[in-house]
Every structure is written in C-alpha cells, then in structure tokens.
A.B. asks: 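To start, I am sharing the structure in question, which I have written as structure tokens.
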2 protein chains.
Amino acid sequence: MNIAHHLSEHDIKPSYQRIKIYEYLYKEMNHPSVDTIYKKLVGEIPTLSKTTVYNTLKLFIDKGITSTVTIEDNEVRYDAIMDAHGHFKCTSCGAIYDIKYDFKDVAMNELKGFEVKETQVHVKGKCNQCLTK
Amino acid sequence: MNIAHHLSEHDIKPSYQRIKIYEYLYKEMNHPSVDTIYKKLVGEIPTLSKTTVYNTLKLFIDKGITSTVTIEDNEVRYDAIMDAHGHFKCTSCGAIYDIKYDFKDVAMNELKGFEVKETQVHVKGKCNQCLTK
DNA sequence: ATATATTTTTGTAATGATTACAAATTTAGA
DNA sequence: TCTAAATTTGTAATCATTACAAAAATATAT
C-alpha cells in the first residue's frame, strides 16, 4: 500500500513523521503504545517528539484510519486495522492478538433505540506460547 | 443482602470503610470511578482517604467480588456484578449501561489452546435518552 | 485490663501517561 | 524570495494511580 496516498485520501497531509508513524502501525500490527512507537522511531527520526506521536495518532483517529484498544493498564494501544475485530491479551507476556468475531450473534436487542457507533470485544488469559513453556 | 457477611464469606474482614464502599458499589450499580466513590462517601466518612478506596477495590478484585470496566478514558470503573455481561457507554452523557449477551455465540474458535480468563464486551454510542433530547 | 502484635487506614510524595501551550521549524502560496 | 499557514518540538501542567511509612484501630496474649 502507498502510505502517503492512503493518508491523502483521508485528508491528512503526508508529512515525514506521519508516514513513518502510520507505516509502523500498519506493518508491525503489534498494537503498540505511544511509548513503543516513540522508542522505535526515534532511532530513525532523532528529533521526534512524543507530543508528535500523540498529535498524529489523535489525527489518525479523527480521520478514521486508526482505532484505539483500551484493554487495560491505563495505557492506550493503537491499531491500524479498522474492521470489527476483537483482541486477546495475554496476561503473562502482554502480547495482544487479533480475534475475529461475528457480532450480529451477540444479543443487541437490549440496545433498541440506542445509536451504536463502536464495539469492542476483549478477552484476557494466557496464550498458547506462554502455556506450553 | 448482608454486606458484612458477604465480605466475610470472601475472606475480607468487614471494616466500616469496606462495608460502605461495597454497599455503594452494590446499591448504586453506576460503575463508578474511584473519584466518584470517594466524593460520595467522604461526606459520611470525613476521614476517608482516596488511598483506602484504591486499596479496598484492589482487595475486592483479588477476592473476586468486584470487577473492572476499562471502557476508555484512562479512568477505571468498578462493578459489583460478577456475571458475564457487557457495557454500553454513552459518549454524550457518559452513563454506562449493562447489556446481557450470550458469549457462546462469539466466535472463539480462534482461541484454541489459549486459556481464557475474562471477557469484556464494550459498545459505544448514544443512549436513547440523549438521542431524544 | 494491659501490653504487644497485627491489620487497616491515612496522608504525602513519587510515578507515568496524557494534555496544554507556545516557540521553532517546515511547507505552501503570493 | 517573502509571508502566511501548518506541523513539529520541548517544557510544564494535569490527572489517575501507586509506593510507602506513620497513625489509628483491632485482635491476641499475658
């Protein structure tokens, strides 16, 4: 995918920092925190500021190309995948896995008259890698 | 329900503060934050410390009589209902509603070999009260 | 009942994520 | 090039949460 083009399509001027941040989010698929993104990119962009990472992610969210995962820990994680999907967080190693689910099955009849904008499914436990250790 | 007894059953000594905090959680059912609990109870218990609220909720969680709802906002909310259920958060008024759901419908086949301990379903949008205003 | 040990509560200081804000830099337009 | 607008940066402020030790309350032993 052409990242600069993808940003432009969503009304975001493709600056160097924005391209790098989106590229990281999109390629790594590791649901990083702001700190993880910052630490990784400051090697390539020595002048990078954490504030820029915050600003940029907020912009991405406004423009609808990034979503947040607040599975716990008072630390927000970010995700470039916008399809409805859930997350599994391993309480042992901290990794976050994507899980597909079909939400139409989940009883939503209680929410009649409500305007649903966003749905998140979070599952916590231990991943198979940690279990087999 | 006899709260002192309920606490004792779960290996928690029923001190005055603990009873009051659990009582608030159980009766109000409003998924309060630490700050909400503190502000409400400090009228009745003028010497109450916010640290006590934190300590007490952590103890309740350890003993399995309280769960957390981290739907967003970097502010943890607490819940005395321990049955599996989801939450709807109104982005307009901030209220959190309980929603029942049948989790067996949600595709969990991807999590074979994983040990699932906890599941949360979060829905965001606008509640009917805010929509009809 | 008194002294002692244990538990609980409290207050203050520290931590860590996030935001506010203004200056510096970069980019775009005349 | 010169000027205006947008973007980035660094520092300070904010806010939830935790660490920690002293104070208070409760339980236990003499």
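Protein chains get the first letters and strands the later ones, always in sequence-line order, with residue 1 at the start of each.
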A.B. asks: How long is the line joining CD1 of A/Ile45 and C1' of C/dT25, in whole Å?
C.D. replies: 15 Å
A.B. asks: If we ignore angles and hydrogens, is there a donor and acceptor under 3.5 Å between the side chains of B/Tyr78 and B/His31?
C.D. replies: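 Checked: B/Tyr78/B/His31 side chains show no N/O donor-acceptor pair below 3.5 Å.
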A.B. asks: Hey, do the aromatic rings of A/Tyr97 and A/His87 have their centres closer than 6.0 Å?
C.D. replies: no
A.B. asks: Separation of A/Arg77 atom CZ from C/dT18 atom P, in whole Å?
C.D. replies: 11 Å
A.B. asks: Any chance CD of A/Glu118 has more than 12 other-residue heavy atoms, nucleotides or ligands included, within less than 6.0 Å?
C.D. replies: yes
A.B. asks: In whole angstroms, how far is the P atom of C/dA17 from the CD1 atom of A/Ile37?
C.D. replies: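 So the CD1-P distance, A/Ile37 to C/dA17, works out to 13 Å.
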A.B. asks: Whole angstrom is fine here: how far is it from CG in A/Asp35 over to C1' in C/dT18?
C.D. replies: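 It is 12 Å, rounded to the nearest whole Å.
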A.B. asks: Using a heavy-atom cut-off of under 4.0 Å over every strand shown, decide if B/Asn55 touches base, sugar-phosphate, or nothing.
C.D. replies: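 The residue B/Asn55 makes base contact.
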A.B. asks: With no hydrogens and no angle check, is any side-chain donor or acceptor of A/Gln17 less than 3.5 Å from a backbone partner on A/Ile45?
C.D. replies: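 Flag not set: sc A/Gln17 to bb A/Ile45 has no pair under 3.5 Å.
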A.B. asks: Nearest whole Å is fine: how far is D/dT7 P from A/Asp62 CG?
C.D. replies: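 Rounded to the whole Å, the gap is 13 Å.
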A.B. asks: From C-beta outward on B/Lys58, which listed nucleotide comes closest to its side chain: C/dT10, D/dA16, D/dT18?
C.D. replies: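 Out of C/dT10, D/dA16, D/dT18, the nucleotide with an atom closest to B/Lys58's side chain is D/dT18.
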A.B. asks: Mind listing the residues from residues 8-25 of chain A sitting with a heavy atom below 4.0 Å of DNA chain D? Number order is fine.
C.D. replies: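 The answer is A/Lys13, A/Ser15, A/Gln17, A/Arg18.
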A.B. asks: Does the side chain of B/Tyr54 get closer than 4.0 angstrom to OP1 or OP2 of D/dT17 through an N or O atom?
C.D. replies: yes
A.B. asks: In whole Å, what is the span from the CD atom of B/Glu75 to the C1' atom of C/dA17?
C.D. replies: 14 Å
A.B. asks: Will you find, in the side chains of A/Tyr24 and A/Asn30, an N or O donor that is under 3.5 Å from an N or O acceptor?
C.D. replies: yes
A.B. asks: Name the residue from B/Leu57, B/Ile81, B/Ile3 that meets the side-chain contact (heavy atoms from CB on, under 4.5 Å) definition with B/Leu25.
C.D. replies: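 Going through B/Leu57, B/Ile81, B/Ile3 one by one, the side-chain contact (heavy atoms from CB on, under 4.5 Å) with B/Leu25 is satisfied by B/Leu57 alone.
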A.B. asks: Heavy atoms only, 4.0 Å cut-off, all strands: where does A/Thr47 land among base, sugar-phosphate and nothing?
C.D. replies: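 Contact class for A/Thr47: sugar-phosphate only.
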A.B. asks: Is it true that atom NZ of B/Lys126 has more than 12 heavy atoms of other residues, nucleotides or ligands lying nearer than 6.0 Å?
C.D. replies: no
A.B. asks: Using whole Å, report how far NZ of B/Lys50 lies from P of C/dT8.
C.D. replies: 23 Å
A.B. asks: From C-beta outward on B/Thr51, which listed nucleotide comes closest to its side chain: C/dA20, D/dT8, C/dT12?
C.D. replies: C/dT12
A.B. asks: Round to a whole Å and report the spacing from CG of A/Leu57 to C1' of D/dT7.
C.D. replies: 15 Å
